Amino acid sequence: MKDYQQFRQQTRDWLEAHCPPSQRQPVIEAEQIWAGRDQYFHNNEARQYFEAMRDRGWTAPDWPAEYGGGGLDETECKILNQEMARLNCRPPLYDMGIWMLGPALLAYGNEQQKRQHLPRIIRGEVRWAQGYSEPAAGSDLASLKTKAEDCGDHFLVNGTKIWTTKADCADWIFCLVRTDPDAAKQAGISFLLIDMHSEGVSTAPIKLISGASSFCQTFFDNVKVPKEQLVGELNQGWAVAKELLKHERKLMSSMSAMVENEQESIAELAKKHTAVDAAGRLTDGSLRRDITRHLMNQGAQDLLNERLYHQARAGAVDPRLGMTIKHIGTAELQRKDELLLEILGNRGLSWENPSTSENEHTIVKNWAYDKAHTIAGGTSEIQLNIIAKRALGLPG
Ligand SMILES: Cc1cc2nc3c(=O)[nH]c(=O)nc-3n(C[C@H](O)[C@H](O)[C@H](O)COP(=O)(O)OP(=O)(O)OC[C@H]3O[C@@H](n4cnc5c(N)ncnc54)[C@H](O)[C@@H]3O)c2cc1C
């Protein structure tokens, strides 16, 4: 029987010793620690914190220790998360490998693939991009056309992927490709890992309205991919794709809770920017009601996550919960963004105004950016279709 109380105390002491002050601040985009060949640390403390977490396997705390992960069980992971939240520790590493590919490889990769890729993901040495969407295959992902032809010891890949986030900075990309053009849609798809430095791979940035671009279109022109990089069975990539999407959606549903730690609480902000009575209560009744409603929804969502966690521990996950959680989490996040903007009033009209604060600029930027969460990883309309059909059993 493990002594979880002792684990909590040791974790607390260790984090106190290894998480320096600058890594206990709300994280801003420019200071996030991303994986990859050009890994950037904004200061020495960031590097030290990352290296300490990495060496303990706590960039991937629940992955097996044999691949360099933390080897923690679910209770220990939860304790680690709680202790990190208590100190306001920043996430030690950002990467699609950590969030999505790793869990899919643990479920579907062979031993050689796990040994080749997992340790490098955990150590932040490789940055991964996601190659799912295509110009004519977004919501209807299974109609994708990028093809991989069997050429003996390798596949020859031709086609294009779109909305590939930060593919220009990535070292590797996980891709869905068509390997059997004659099979029914989902049946002819395989899951391939492609080195971005392979001959024939190129990217072009997609310019956004804000001027900055995190998106690329990625092109594959006669790219040779060794057969060892096929994950799962040939033509069975749809199962791997779905496993990975489960983790992407879980990540997105938790965005709202993650952002909560990064800002002043809504109630504090409202007290700062709107009128309060002698007892310190907000005088605007409808604002009070909306904040209360949001906090209750947020609380209910936390309970839902908790329930999912306990179901997972008991090995009895209700799939309907998994389906709904992304939609609920991202919709609430957007409601919260609207509320924050309402509280800021005309201070929320710009993210460049020198007379408003950095925190206020962040709120406005989040309001604009979080609109993406009801699109990325499967749009809300598609999620609602899935819930209607599979969770509620409604007719198509
Ligand atoms: C921030 C962000 C990051 C992303 N990063 C990546 C990435 O790294 N890699 C990657 O591969 N992709 C990425 N994507 C792409 C994302 O997966 C797609 O945008 C998403 O799947 C929707 O596809 P689409 O854009 O082609 O829209 P479409 O599928 O063309 O949908 C357009 C609209 O029609 C609606 N619609 C479509 N079909 C139906 C239906 N049957 N019933 C009801 N409504 C429907 C949709 O809900 C949507 O509102 C990213 C997207 C965003 C926003």
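The structure presented is a predicted model; accordingly, all values stated were derived computationally and were not measured. The residues of the chain are indexed from 1 along the displayed sequence.
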When the ring planes of [X] and [Y] are compared, do they come out parallel, tilted or perpendicular, using 30° and 60° as the limits?
X      : Y      : result
Phe7   : Trp58  : perpendicular
Tyr369 : His373 : perpendicular
Phe191 : Tyr132 : perpendicular

Could you check whether any side-chain N or O of [X] sits under 3.5 Å from a backbone N or O of [Y], counting only pairs where one atom can act as donor and the other as acceptor?
X      : Y      : answer
Glu51  : Gln48  : no
Lys326 : Gly378 : yes
Arg123 : Ala35  : no

Does [X] come within less than 4.0 Å of [Y], counting only side-chain N to carboxylate O?
X      : Y      : answer
Glu66  : Arg115 : yes
Arg90  : Glu45  : no
Arg335 : Glu338 : no
Lys371 : Asp337 : no
Glu83  : Arg86  : yes

Would you verify whether the NZ or CZ of Lys227 falls within 45 degrees of the ring axis of Phe155 while also being under 6.0 Å from that six-membered ring's centre?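 So Lys227 does make the cation-pi contact.
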Does Lys365 make a cation-pi contact with Trp367, if we ask for NZ or CZ under 6.0 Å from the ring centre and within 45° of the axis?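 The answer is no, since Lys365 fails at least one limit relative to Trp367.
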Distance alone, cut at 3.5 Å: any donor-acceptor contact between the side chains of [X] and [Y]?
X      : Y      : value
Asn385 : Glu381 : no
Glu248 : Gln130 : yes
Thr283 : Asp277 : no
Glu332 : His294 : yes

Given the rule in the salt bridge (Lys or Arg N to Asp or Glu O under 4.0 Å) test, do Glu243 and Lys246 qualify, once you have shown the distances and angles that lead to the verdict? CA-CA 5 Å; Glu243 172 68 22; Lys246 243 173 38 193; 3.1 Å; yes
Closest approach of Gln383 and Gly377, non-hydrogen atoms and distance?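 Scanning both residues completely, I find the closest heavy atoms to be NE2-O, 4.3 Å.
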Search all heavy atoms of His18 against all heavy atoms of Ala52 and return the closest pair with its distance.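 The pair with the smallest heavy-atom distance is CD2-CB, 4.0 Å.
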Considering only heavy atoms from C-beta outward, does the side chain of Leu87 approach that of Gln23 to under 4.5 Å?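 A side-chain contact under 4.5 Å is absent here.
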Any side-chain heavy-atom pair of Tyr94 and Val27 under 4.5 Å: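 Contact flag for Tyr94/Val27 side chains = yes.
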Nearest-0.5 Å distance that lies between atom CZ in Phe220 and atom CD1 in Ile173: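 These two atoms lie 4.5 Å from each other.
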